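Order of the sequence lines fixes the chain letters, A, B, ..., with proteins taken first and strands second; residue numbering starts at 1 for each chain. Note: hydrogens, waters and symmetry copies are ignored here, and every other heavy atom, side chains too, is used. Note that the structure is predicted; figures quoted are calculated from it, not measured.
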Amino acid sequence: MKDRIRGLLADAARRAHTAGALPSGDFPDIDIEVPKVEAHGDFATNFAMIMAKIQRMAPRRIAEIIIAHLDGAADLIAKTEIAGPGFINFHIQPAAWAPLLKAIPAAGERYGAVDIGCGRKVQVEFVSSNPTGPLHVGHGRGAAVGDAVANLLAFCGYDVQREYYINDSGRQIRTLGHSVLLRYRALHGRHADFPEDCYQGDYIRDLAREMKSREGDRLLSLDEDEALMTCARFAAERIIAGIRDDLLDFGVAFDRWFSEQSLYDDGRVARSIEAFRDNGQIYESEGALWFNTSQYGDEKDRVVVRGNGRTTYFASDIAYHQEKFERGFERVIDVWGADHHGYIARMKASVAASGIDPERFEVILVQLVNLLRAGAPVAMSTRAGAFVTLQDVVREVGRDAARFIFLTRHYANTLDFDLEVAKQKSNDNPVYYVQYVHARIASIRRKAAENGIAAADGADECLARLDTAEDVALIKHLLRYPDAVLAAARQMEPHRITFYLMNLAGAFHSYYNKQRVLVEDPDTSRGRLYLVAAVQAVIRNGLTLLGVSAPERM
RNA sequence: GCGCCUGUAGCUCAGUUGGAUAGAGCAACGGACUUCUAAUCCGUAGGUCGCAGGUUCGAAUCCUGCCAGGCGUACCA
């Protein structure tokens, strides 16, 4: 529709120029938008206004000239008008809308997909929580956002890979091993102080018990380091397996689980450091090795190998991101918790230093989640071990409610997640509001089938009955879905889909209360069934992008 | 101190990349179930878009400076 109007305008402008009414033949791109106020028509353009300078004429005068040269669209356009400083408003013939609905079943599950990816490879790395404890609510938000972004990009033509980076190397993994070992020894009556910097949660005791039943007292006779590393490897594996299960329950499946340790095992980190030393980007100072990230916009240089010879986390991250680009991804997207924002500059710097355009590396910073119960904060301290895990939340409120709520805010905003609200089946909790549309329509369609009403196929005589204000309003809403998808995919903002769906749901519920679908006149019934089936398809389509189910009954 | 994020109705938040009279939900008040699912709908009320300048035909949106809140600022991860 927009394209058609754009074409009409371009023709009109060209014709006006040829006729000598417009001095310049240099026309800017035409932007067509949907006005906020209904009285301003169905579509509007500021075309005349942005041409004012080029044409050296008043915007309203240009608008008059263009309208005078519009031609051959009486079937489409009911009325044009010039408004405000020089907007051209278009009122579409009411009968022109219904046939456009055919695009929805014609596109099937692909309705709304705009191919901006053209098969290019993109990687979305998300969650990547350290394997030192179970996922908590904040990770859930990262999972919901990362998965939805991946869905959107895949929907819009990118070849998407989902990756989880496992930090199974370094000090924290030793701390994990140490924590389990101490609990394990305690189970054998060898009590010792449990340091504060060890992991306090009950899951550590569970792991120790498991260790005991598997190994008996074998670890007691091993030397300290070997016992510790045995515990560490065992615990990390079990925790990762748990994380994987929790994510599957949450509806998130990764294509690849990438081990940090593997970067050391195959010499990747060492080779990367060597290469940067050779070209002078890594240098030695005060007994440590530094990366000159400040040359690429970071506020200072960063250590990659400490004075004690141990590499930093940054060292493996440099190698990891080089490796990602070597795998042929055109875009690499990392989803991080907002508390890591200080890390972006150095990561971008390292990418740039590797000779890769840093624009190709993007970071989505997801703000934290405040977990509440009936308005009161729920304690979320990881160290103290008194946290609510993602699994707890999913068990309590359900996967759909959790995923939907995580996507009801722009990720740059902190999110209040209230467990009680998430369980409510009311307008407070928009997931049911949206799902209810799907279930209601399913019910209508079942009823239609029982009554022997033939499936709606979009025949002209049926579509012609979609002529009430409510019909047209709903059709217009459905036709805006591709715009919402495009904006969401381009900006990697899944909440735009969430808001679109809530608005569409509102439009449908309103329709439902004003118009009956199954009425006496068969053409009207079949026309409305066709419309309502399109609503159902778009709801299902959008919910799928968000990773939320579309129930047939509620 | 410096950096990033946020500031819009009593509360929680949108706002189509600079457009016309700034929108939803909740909470408040008043209505609608004999009809395809009331997990719904309709109506009323609610605003100095943090503050002050600037840019232009036009600013919640862009630029500058303040104010407030959150986060970050390690040879931690």
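Judged by atom type and distance alone, A/His341 reaches the base of B/G3 through a side-chain donor-acceptor pair under 3.5 Å. Residue-to-nucleotide contacts include a donor-acceptor pair under 3.5 Å from the side chain of A/Gln491 to the base of B/U17. Taking 3.5 Å as the limit, the base of B/A20 and the side chain of A/Asn89 contain a donor-acceptor pair of atoms between them.
Judged purely by atom type and a 3.5 angstrom limit, A/Thr312 uses its side chain to pair as donor or acceptor with the backbone of A/Val303.
In this structure, A/Tyr343 does not reach the B/C76 phosphate: none of its side-chain N or O atoms is under 4.0 Å from OP1 or OP2. Close to B/G25, at under 4.0 Å from its OP1 or OP2, lies no side-chain N or O of A/Asn503. Taking 4.0 angstrom as the limit, A/Tyr313 places none of its side-chain polar atoms (N or O) nearer than this to OP1 or OP2 of B/C75. Side-chain nitrogen and oxygen atoms of A/Ser510 include at least one within less than 4.0 Å of the OP1 or OP2 phosphate oxygen of B/C42. The phosphate of B/C76 has OP1 or OP2 within less than 4.0 Å of a side-chain N or O from A/Arg306. Note on A/Arg490: every side-chain N or O is 4.0 Å or more away from OP1 and OP2 of B/U17. Residue A/Arg496 places at least one side-chain N or O closer than 4.0 Å to OP1 or OP2 of B/G15. A/His438 has no side-chain polar atom (N or O) that falls below the 4.0 Å cut-off from OP1 or OP2 of B/A39.
Rounded to whole Å, the C1' atom of B/G15 lies 8 Å from the corresponding atom of B/A60. Taking atom C1' in both B/G7 and B/A14, the straight-line distance is 15 Å, to the nearest Å. For the P atoms, the distance linking B/A27 with B/C41 amounts to 13 Å, nearest Å.
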Note, RNA chain B 5' to 3' with Watson-Crick or G-U pairs under 3.5 Å encoded as ( ), [ ], | and . gives (((((((..((((.....[...)))).(((((.......))))).....(((((..]....))))))))))))....

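A cation-pi geometry, defined here as NZ or CZ lying under 6.0 Å from the six-membered ring centre and within 45° of its normal, does not hold between A/Arg480 and A/Tyr500.
Under the 4.0 Å criterion applied to side-chain N and carboxylate O atoms, A/Asp523 and A/Arg528 are not assigned as salt-bridge partners.
The aromatic rings of A/Phe258 and A/Tyr165 sit tilted relative to each other, their planes meeting at an angle between 30° and 60°.
When each of A/Leu545, A/Val434, A/Val548, A/Val437 is checked for a side-chain contact (heavy atoms from CB on, under 4.5 Å) with A/Leu501, only A/Val434 meets the rule.
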